[in-house]
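One structure is given below, encoded as structure tokens.
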Amino acid sequence: MDAIHIRGGNALFGETKIQGSKNAVLPVMAAALLIEDVCIIENCPRILDVHHMQQLLESIGCRVSRTDRTLTIDTRNLSEDTMSGENVTGMRSSITLLGAMLGRMGEVTMAYPGGCVIGERPIDLHLNALRRMGVSIYEKEGFFTARVKELEGTVIRLPISSVGATENIILAAVKAKGVTVLQNAAKEPEIVTLCEFLREAGAVIEGIGGSVLIVQGGHKLHGIRFRIPADRIVAGTYLMSVLGAGGHIFLEDAPVAQMRSMLKAAEEMGAEIHVSREGLNVIADESRKAIPYLKTEVYPGFPTDMQSPLMAALSTARGVSVIEEAIFENRFRIVEQLKKMGACIEILGKRQARIEGVDSLLGCQVTAEELRGGAALVIAGCMALGETVIQNRHFIERGYEDICRDYRNLGVNIYTG
Ligand code: EPZ
């Protein structure tokens, strides 16, 4: 069965180690294509999206091997320039290979990346930026071919600080002739990790962490050994769990410096937070307070990926909370599932949800439709009295290495079935 079973209603106690970051490792794997050498990537999470990215790299001739959480990627002999099939359409981050393939081979044909239920997930910003760098795009029946003789550095201003578009522009700019200035770049920690990886490999990038990046193209890159930082969204998921269920947990390796907006929300709910170099200590009791208003924003604002997990935690907080989802147009799909468990949530217009705290949630059968909504249902299952069965576990396995192992570490009665 593709399900997770949870017997909830108890506070969380225990500690668990936070895995490497999914949204950091995927663009770093793509960036390895720009380095005709061997790269060793440490602390790589064992998740489906990494497996899919590995298959894509192998499909174009890379040699990828893995021992536990260390990936070795050898990109010295590439063969194919067409990527298609389930791996590309089934995974959003395959689009990050676009910039890397153009930087390495000057051509790539790929299927439009699969979107998901949270939104239409267009790639117009990616394609418009690459056109400005001299790339020609030919579209045909759900596929497109991107081709360029030589990428040209230029000035690009993104209308939206798109994470994926920023990544693709950086990957193309590293191999472009001349300098690329990217304005209104995304500032997410995953962008910083990508830039640090490339800089250690020999790229020249200024303004890392800011909204204006300056990339000097054409520098020869060499293989490196690189460690992926811990996953701030996985750590945030477990943080929301103790806010919802109460208890005392320690999250080893939690990247607390990247979690300030989440920690601020936790304190607003009345949690006791202690941060250290080793990780994050959180104590929360039953009397969690509601958050009158919170809006998801680009980094360093409250991350959209934490919106559904927060909604689950707020469903039994004292008082009324309002959440505004400002990044994706359809990220309240989880509301119906939480209402099945007894939550009192009303969607106000397209972008706001009003959550009135109830005494408790009741376990029942619910269905995950995407990654972070699925994680939010696990949180609700920890909070709910009785048994919760979450269908479509595979969505959750795209981003969580072993969510049942982690929650068992935190004292939850949880198993797959
Ligand atoms: C990345 O997606 C993450 N995925 C998402 O995490 C995350 O939610 C998102 O950034 C925002 O932080 C990975 O890193 C693999 P965007 P991405 O481009 O790059 C619109 C998860 O759960 N847009 O910053 O696709 C878009 O529709 C996933 O791990 C355009 O209009 O996000 C959205 O409304 C979910 N045109 C907004 O921008 C474009 O060409 C932000 O999207 C590109 C994006």
Side-chain angles (χ1 to χ4, degrees), residues 19-31 45 47-50 52-53 56 88 90-99 112-132 137 144 146 156 158-171 182 184-194 211 228-229 231-237 258 261-262 296-310 324-331 333-334 350-351 368-376 395-401 403:
Q19 69 186 58
S21 165
K22 164 177 93 80
N23 292 350
V25 71
L26 294 172
V28 163
M29 289 174 76
I47 53 175
L48 275 181
D49 273 12
V50 167
H52 285 157
M53 182 63 93
L56 274 176
V88 176
M91 187 184 81
R92 169 86 190 158
S93 43
S94 52
I95 189 64
T96 312
L97 283 165
L98 175 56
Y112 273 95
C116 60
V117 291
I118 67 174
E120 195 241 324
R121 314 296 295 275
I123 59 169
D124 55 315
L125 301 182
H126 302 240
L127 301 183
N128 293 342
L130 293 170
R131 286 190 182 98
R132 286 184 53 75
I137 313 272
F144 66 91
I156 297 168
L158 281 174
I160 302 176
S161 301
S162 155
V163 171
T166 298
E167 290 165 349
N168 263 327
I169 295 164
I170 291 167
L171 292 167
L182 173 54
N184 200 25
K187 299 188 286 187
E188 272 65 9
E190 295 75 38
I191 304 290
V192 173
T193 300
L194 175 62
S211 55
I228 298 295
D231 193 312
R232 63 191 173 103
I233 304 299
V234 170
T237 304
Q258 301 173 9
S261 61
M262 302 178 221
T296 63
E297 296 173 296
V298 295
Y299 194 84
F302 191 86
T304 174
D305 291 351
M306 290 308 307
Q307 183 258 107
S308 295
L310 175 66
E324 179 161 351
E325 170 55 60
I327 306 292
F328 286 105
E329 68 271 24
N330 195 23
R331 208 164 196 177
R333 309 271 305 197
I334 195 71
K350 284 211 42 89
R351 294 279 184 162
E369 290 183 291
E370 41 86 23
L371 170 55
R372 306 302 176 186
F395 282 120
I396 301 170
E397 289 172 341
R398 282 192 47 204
Y400 295 80
E401 190 173 80
I403 203 163

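Only this structure's heavy atoms are used, side chains among them; waters, hydrogens and symmetry mates stay out. Predicted, not measured: the structure shown is a model, and the values here were computed from it. Start at 1 and go down the list; that is how both ligands and their atoms are numbered.
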Original post:
For ligand 1, is any non-hydrogen atom under 4.0 Å from His126's backbone (N, CA, C, O), its side chain (CB onward), both, or neither?
Top reply: both
Original post:
Any idea which atoms of ligand 1 are less than 4.0 Å away from a heavy-atom of Lys22?
Top reply: 21 (C), 29 (O)
Original post:
Hey, is ligand 1 close enough to Glu329 that some N/O pair sits below 3.5 Å?
Top reply: no
**OP:** Taking only heavy atoms of Asp305 into account, list the atoms of ligand 1 that are under 4.0 Å away from them.
**Re:** 5 (C), 6 (O), 7 (C), 8 (O), 21 (C), 22 (O), 28 (C), 29 (O), 35 (C)
Subject >> Ile47 vs Gln19 side-chain heavy atoms within contact, under 4.5 Å >> reply: yes
Subject >> Heavy-atom nearest option to atom 31 (O) of ligand 1, drawn from Ala186, Pro122, Pro303 >> reply: Pro122
**OP:** For ligand 1, indicate whether the residue Leu125 contacts it via side chain, backbone, both or neither (heavy-atom separation under 4.0 Å).
**Re:** both
Original post:
Nearest non-hydrogen atom to atom 15 (C) of ligand 1 belongs to which of Thr304, Asp49, Asn23?
Top reply: Asn23
Subject >> Part of Met53 within contact of ligand 1 (heavy atoms, under 4.0 Å) >> reply: neither
Original post:
Polar-atom distance check: Leu26 versus ligand 1, any N or O pair below 3.5 Å?
Top reply: no
Original post:
Is the closest side-chain heavy-atom distance between Glu401 and Asp231 below 4.5 Å?
Top reply: no
**OP:** Can you sort out which atoms of ligand 1 are near Gly164, meaning under 4.0 Å from one of its heavy atoms?
**Re:** 18 (O), 19 (O)
Original post:
So, are Arg232 and Glu190 salt-bridged, with charged N and O less than 4.0 Å apart?
Top reply: yes
Original post:
Which option out of Val163, Asp124, Ile327 puts a heavy atom nearest to atom 24 (O) of ligand 1?
Top reply: Val163
**OP:** Please examine the side chains of Asp49 and Leu26, heavy atoms only from C-beta on, and report whether any two atoms are closer than 4.5 Å.
**Re:** yes
Original post:
Taking the side chain as C-beta and beyond, is there a heavy-atom pair between Thr193 and Pro229 under 4.5 Å?
Top reply: yes
Subject >> Heavy-atom closest pair, residues Asn184 and Leu158 >> reply: ND2-O, 2.6 Å
Original post:
Should Asp305 and Arg331 count as an ion pair when the cut-off is N to O under 4.0 Å?
Top reply: yes
Original post:
Taking the non-hydrogen atoms of Gln307, is any one of them nearer than 4.0 angstrom to ligand 1?
Top reply: no
**OP:** Only counting residues at least two apart or in another chain, list the ones meeting side-chain contact (heavy atoms from CB on, under 4.5 Å) with Ser261.
**Re:** Phe302, Pro303
Original post:
Looking at side-chain heavy atoms only, is the closest gap between Leu127 and Phe144 below 4.5 Å?
Top reply: yes
**OP:** Within a distance under 4.0 Å of any heavy atom of Arg331, pick out the atoms of ligand 1 and give their elements.
**Re:** 8 (O), 22 (O), 35 (C)
Original post:
Is any N or O atom of Arg372, backbone or side chain, closer than 3.5 Å to an N or O atom of ligand 1?
Top reply: yes
